[in-house]
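Notes follow once the structure below has been shown.
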Amino acid sequence: MGNLSTKSITWLSVLAASSIANGSNLPRANNLDTFVEKQRAISLQNVLNNIGPDGSRVPGAGAGVIVASPSTVNPDYFYTWTRDAALTMKVIVDEFLLGDKQLEPYIENFIHSQAVIQTVTNPSGTFLPNGVGIGEPKYNVDLTRYNGAWGRPQRDGPALRAIALITYSNWLISNGQHQKAKTVVWPVISNDLSYVGHYWNSTGFDLWEEVQGSSFFATQNQLRALVEGGVLATHLGVQCTGCDQAAQVACFLNKSYWNGQHFIANINSDDGRTGKDANTVLGSISVFDLNARCDDASIQPCNSRSLSNFKTFVDSFRNSTLYPINEGTPQAEGIALGRYTEDVYFDGNPWYLITAGAAEYLYDAVAQWTAQGLLAIDETSLAFFQDIYPAARAKTYGPKGKCSEFPRILKAVRDYADSFVEVVKKYTPTDGSLAEQFNKTAPFNPTSATDLTWSYAAFVSMSERRAGKYPPSWVPAEGPIVVPQQCTPGSTKGVYSPATAAGAPDVNVTCTSNVRFEVNATTYYGENILVVGNTTDLGSWDFSNAWPLDASSYTDQRPVWAATIALTAGQTISYAYVRQEDCGQSPIREPATANRTLVVPPCDPDADPDATLIVTDDAWQGPTGNTGGC
Ligand SMILES: *[C@@H]1O[C@H](CO)[C@@H](O)[C@H](O)[C@H]1NC(C)=O
Ligand SMILES: *[C@@H]1O[C@H](CO)[C@@H](O)[C@H](O)[C@H]1NC(C)=O
Ligand SMILES: *[C@@H]1O[C@H](CO)[C@@H](O)[C@H](O)[C@H]1NC(C)=O
Ligand SMILES: *[C@@H]1O[C@H](CO)[C@@H](O)[C@H](O)[C@H]1NC(C)=O
Ligand SMILES: *[C@@H]1O[C@H](CO)[C@@H](O)[C@H](O)[C@H]1NC(C)=O
Ligand SMILES: *[C@@H]1O[C@H](CO)[C@@H](O)[C@H](O)[C@H]1NC(C)=O
Ligand SMILES: *[C@@H]1O[C@H](CO)[C@@H](O)[C@H](O)[C@H]1NC(C)=O
Ligand SMILES: *[C@@H]1O[C@H](CO)[C@@H](O)[C@H](O)[C@H]1NC(C)=O
């Protein structure tokens with residue numbers, strides 16, 4: 001009965017919010033089950049609406065291309081990101097395995113699109129010989145490269161794509177399609193696992209594309225990819241290049257991110273943040289395995305450190321100065337969650353996928369304790385439990401015994417999960433559309449990209465966990481990864497080959513040589529220098545497709561812009577530099593009389609593929625730009 005008054009307050013505020021948003025006083029169904037079931041179906045359809053070639057919101061997207069959002073301005077998300085696409089495809093594969101057979105063509109198209117995309121030369125580099133191009137974060141929706149400045153490379157995408165395709169391959173094997181898994185899908189997975197084993201120990205940009213360093217989310221997914229990739233390779237009777245790095249990735253994950261209270265989201269970086277970040281909660285959702293032990297090396301939702309981390313992250317948003325939206329919410333209830341408290345992107349608002357993700361995380365943990373029939377609370381996780389079940393103690397609870405507290409504690413965690421879903425429900429418009437964010441300030445309207453694919457995908461997976469439906473296990477039952485005593489740096493040189501059976505072009509036949517373009521060019525802050533030329537890689541004289549150079553070695557003494565590009569060996573090329581100003585002025589090209597030429601060194605299969613065979617020593621010859629003052 002005490003509950004009733006709380007409920008009616010929520011009810012009134014829902015009414016108030018919906019009348020502001022819609023000018024309508026029609027009440028919405030206030031039952032969480034009804035909302036979740038309805039919103040699950042809406043969300044899945046909206047995911048499909050953002051996938052080419054037939055998605056109703058993404059005309060022009062290629063087959064199997066998962067577009068991040070239909071939004072083309074403020075912000076422009078009309079691209080395909082490898083990370084978002086792979087996370088979405090994992091949800092689609094899981095839905096397919098749960099019985100939604102209409103999804104198979106989406107999976108087939110995705111495999112094809114990714115086989116092609118792996119081979120696309122881009123500003124992160126080429127596919128051959130070293131796979132560096134696979135670390136490119138985003139592409140145009142017609143599968144061509146994106147040339148603008150960006151936080152690149154990003155090393156979580158290949159791992160997540162491997163995870164989605166491994167889940168599908170395991171299903172193929174169990175359904176009489178072993179040969180297809182081996183000849184069509186495995187070559188795509190193999191390139192991604194090669195990349196992970198090759199570069200897990202190199203820095204890259206995090207999932208929010210802001211911090212260069214090592215990201216907990218990336219490392220955690222890299223571990224999963226290498227472990228289950230190794231098992232799949234054994235089943236298929238093929239070699240996994242890179243999977244031998246799994247134990248060292250596990251060591252790095254276990255020993256480098258934990259600070260005694262929470263996981264630091266980004267290390268090997270100098271980002272000046274606390275490190276409390278949704279990164280560390282989303283990572284545990286994507287490695288979730290119902291049957292894994294809570295102390296598994298992958299850091300599962302039921303892991304004690306992870307629970308302490310969850311509490312610390314969530315509490316960082318229980319600050320009504322920062323987040324007026326959370327004002328007055330008691331400690332035992334879910335709140336609106338953003339990426340990290342220092343966030344300023346679109347004012348740093350709550351995200352739907354993170355708030356839903358918190359619920360999914362808690363449903364996952366409850367499912368694991370239920371499956372194990374045990375709940376071991378220790379000093380590390382105690383504070384998490386005491387918030388929602390004040391009588392909790394550091395001990396092991398089991399379901400046996402007359403007045404067992406086990407079901408009561410689990411119910412408290414589940415209610416806590418539901419309270420995060422209530423937040424999502426409260427701020428979801430009546431038509432069920434999910435943007436990227438909702439405003440932390442009244443009237444709490446949706447903001448940033450509309451119809452964000454990842455928001456919808458996150459809602460679907462959360463609703464399945466809430467309904468007790470789980471993805472297949474992946475932690476090997478015969479023996480989880482043993483974390484070595486001593487961590488050492490590592491890398492296994494990858495083997496890269498176009499996945500031609502899945503539709504990749506046979507880029508194998510070309511042999512490339514590395515050319516380093518270096519040009520002295522004094523620039524204003526905000527200007528960029530690019531190289532353009534008469535080959536496809538250099539944009540065929542199309543400035544909008546020129547190759548961006550990097551100013552990371554630029555100094556007052558030597559204002560150098562540079563890039564190393566693998567070019568088809570043996571050819572003579574013609575090239576020039578282009579200056580792009582910061583206020584949208586037309587690009588300035590060096591005069592055509594200044595067209596430069598060089599001969600790309602011939603093919604040498606025995607040469608070190610990393611070696612740079614030729615370095616240009618150029619100086620800018622065109623007019624200088626102006627500050628623009630925009
Ligand atoms: C590489 O691995 C070592 C050993 O785990 C670790 O100390 C180091 O921080 C790692 N560096 C990067 C960039 O991953
Ligand atoms: C990770 O490290 C901690 C502290 O050294 C240890 O207690 C835990 O068992 C490790 N996890 C695994 C999976 O080895
Ligand atoms: C709460 O947020 C405000 C605004 O960002 C900040 O100034 C303040 O330090 C935060 N309080 C705590 C306890 O973190
Ligand atoms: C959030 O809402 C406030 C108050 O209505 C508004 O000033 C601000 O521009 C909004 N921010 C975004 C990113 O929509
Ligand atoms: C590509 O080259 C690799 C290494 O030489 C070879 O193993 C592979 O079979 C080739 N792939 C195709 C499709 O020709
Ligand atoms: C590019 O220009 C060079 C130098 O003029 C020329 O030798 C070469 O054939 C051209 N390549 C193409 C593909 O047109
Ligand atoms: C010089 O560059 C221009 C493009 O800006 C191109 O049209 C022209 O063909 C080039 N000349 C040579 C000899 O490559
Ligand atoms: C570029 O700058 C460096 C350092 O000042 C100088 O040594 C080099 O000669 C310059 N290159 C050209 C082509 O001017």
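We count ligands from 1, going down the list as the structure has it; atoms in each ligand are counted the same way. Numbering starts at 1 and runs along the sequence shown. These figures come from a predicted structure and were not determined experimentally.
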**Message:** Looking at Glu327 and Lys440, is there a salt bridge between them, counting it only when a charged N and a carboxylate O are closer than 4.0 Å?
**Reply:**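 Between Glu327 and Lys440 there is no salt bridge, as every charged N stays at least 4.0 Å from the carboxylate O atoms.
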
**Request:** Would you please classify the geometry between the Phe317 ring and the Tyr323 ring as parallel, tilted or perpendicular, with 30° and 60° separating the classes?
**Result:**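 The rings of Tyr323 and Phe317 sit tilted, inter-plane angle from 30° to 60°.
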
**Request:** May I ask you to decide if the ring planes of Phe438 and Tyr352 are parallel, tilted or perpendicular, using 30° and 60° as cut-offs?
**Result:**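 Answer is tilted, since the angle falls between 30° and 60°.
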
Tell me the protein heavy atom at minimum distance from [atom], and give that distance in Å.
{"atom": "atom 9 (O) of ligand 7", "result": "Trp541 NE1, 4.4 Å"}
{"atom": "atom 12 (C) of ligand 7", "result": "Asn595 ND2, 3.0 Å"}
{"atom": "atom 8 (C) of ligand 4", "result": "Asn439 ND2, 3.8 Å"}
{"atom": "atom 3 (C) of ligand 8", "result": "Arg558 NE, 3.4 Å"}
{"atom": "atom 14 (O) of ligand 4", "result": "Thr447 OG1, 2.9 Å"}

Taking only heavy atoms of [X] into account, list the atoms of ligand 8 that are under 4.0 Å away from them.
{"X": "Asn520", "result": "1 (C), 2 (O), 3 (C), 8 (C), 10 (C), 11 (N), 12 (C), 14 (O)"}
{"X": "Asp618", "result": "13 (C)"}
{"X": "Gln557", "result": "5 (O)"}

**Asked** How long is the span from the OG atom in Ser461 to the CD1 atom in Ile285, to the nearest 0.5 Å?
**Response**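 These two atoms lie 7.0 Å from each other.
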
**Prompt:** Between CG of Asp537 and CH2 of Trp547, what distance do you get to the nearest 0.5 Å?
**Reply:**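 The distance works out to 6.0 Å.
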
**Request:** For the pair Ser455 (side chain) and Ala435 (backbone), establish whether a donor and an acceptor sit closer than 3.5 Å, ignoring hydrogens and angles.
**Result:**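 Yes; at least one donor-acceptor contact below 3.5 Å.
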
**Request:** Verify the ring-centre separation between Phe420 and Tyr427: is it less than 6.0 angstrom?
**Result:**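 They do not qualify: ring centres at least 6.0 Å apart.
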
**Asked** Ring centres of Tyr79 and Tyr139 under 6.0 Å apart?
**Response**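 No, too far apart.
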
**Request:** Could you list which atoms of ligand 4 come closer than 4.0 Å to a heavy atom of Asp347?
**Result:**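 Those qualifying, in numeric order: 11 (N), 12 (C), 13 (C).
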
**Request:** Can you sort out which atoms of ligand 4 are near Ala442, meaning under 4.0 Å from one of its heavy atoms?
**Result:**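 Once the distances to Ala442 are compared, the set is 4 (C), 5 (O).
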
**Prompt:** Is it the side chain, the backbone, both or neither of Asp617 that has a heavy atom closer than 4.0 Å to ligand 8?
**Reply:**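 Contact part for Asp617 vs ligand 8: both backbone and side chain.
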
**Request:** Examine the proximity of ligand 8 to Val560 and report which part, side chain or backbone, both or neither, has a heavy atom under 4.0 Å away.
**Result:**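 For Val560, no heavy atom sits under 4.0 Å from ligand 8.
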
**Asked** So is Asn349 polar-close to ligand 4, meaning N/O to N/O under 3.5 Å?
**Response**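 No, there is no polar N/O contact under 3.5 Å.
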
**Item:** N/O separation below 3.5 Å, Arg589 to ligand 7
**Value:**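 Right, the criterion is met.
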
**Worked check of side chain to side chain donor-acceptor pair (under 3.5 Å) between Trp561 and Asn520** = CA-CA 6 Å; Trp561 287 79; Asn520 297 340; over 6 Å; no

**Asked** When you measure from the centre of the six-membered ring of Phe543, is the NZ or CZ of Arg589 under 6.0 Å away and within 45° of the axis?
**Response**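 Cation-pi check for Arg589 and Phe543: fails.
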
**Message:** Determine whether any protein heavy atom is located less than 4.0 Å from atom 5 (O) of ligand 7.
**Reply:**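 Given the 4.0 Å limit, the answer for atom 5 (O) of ligand 7 is yes, a protein heavy atom qualifies.
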
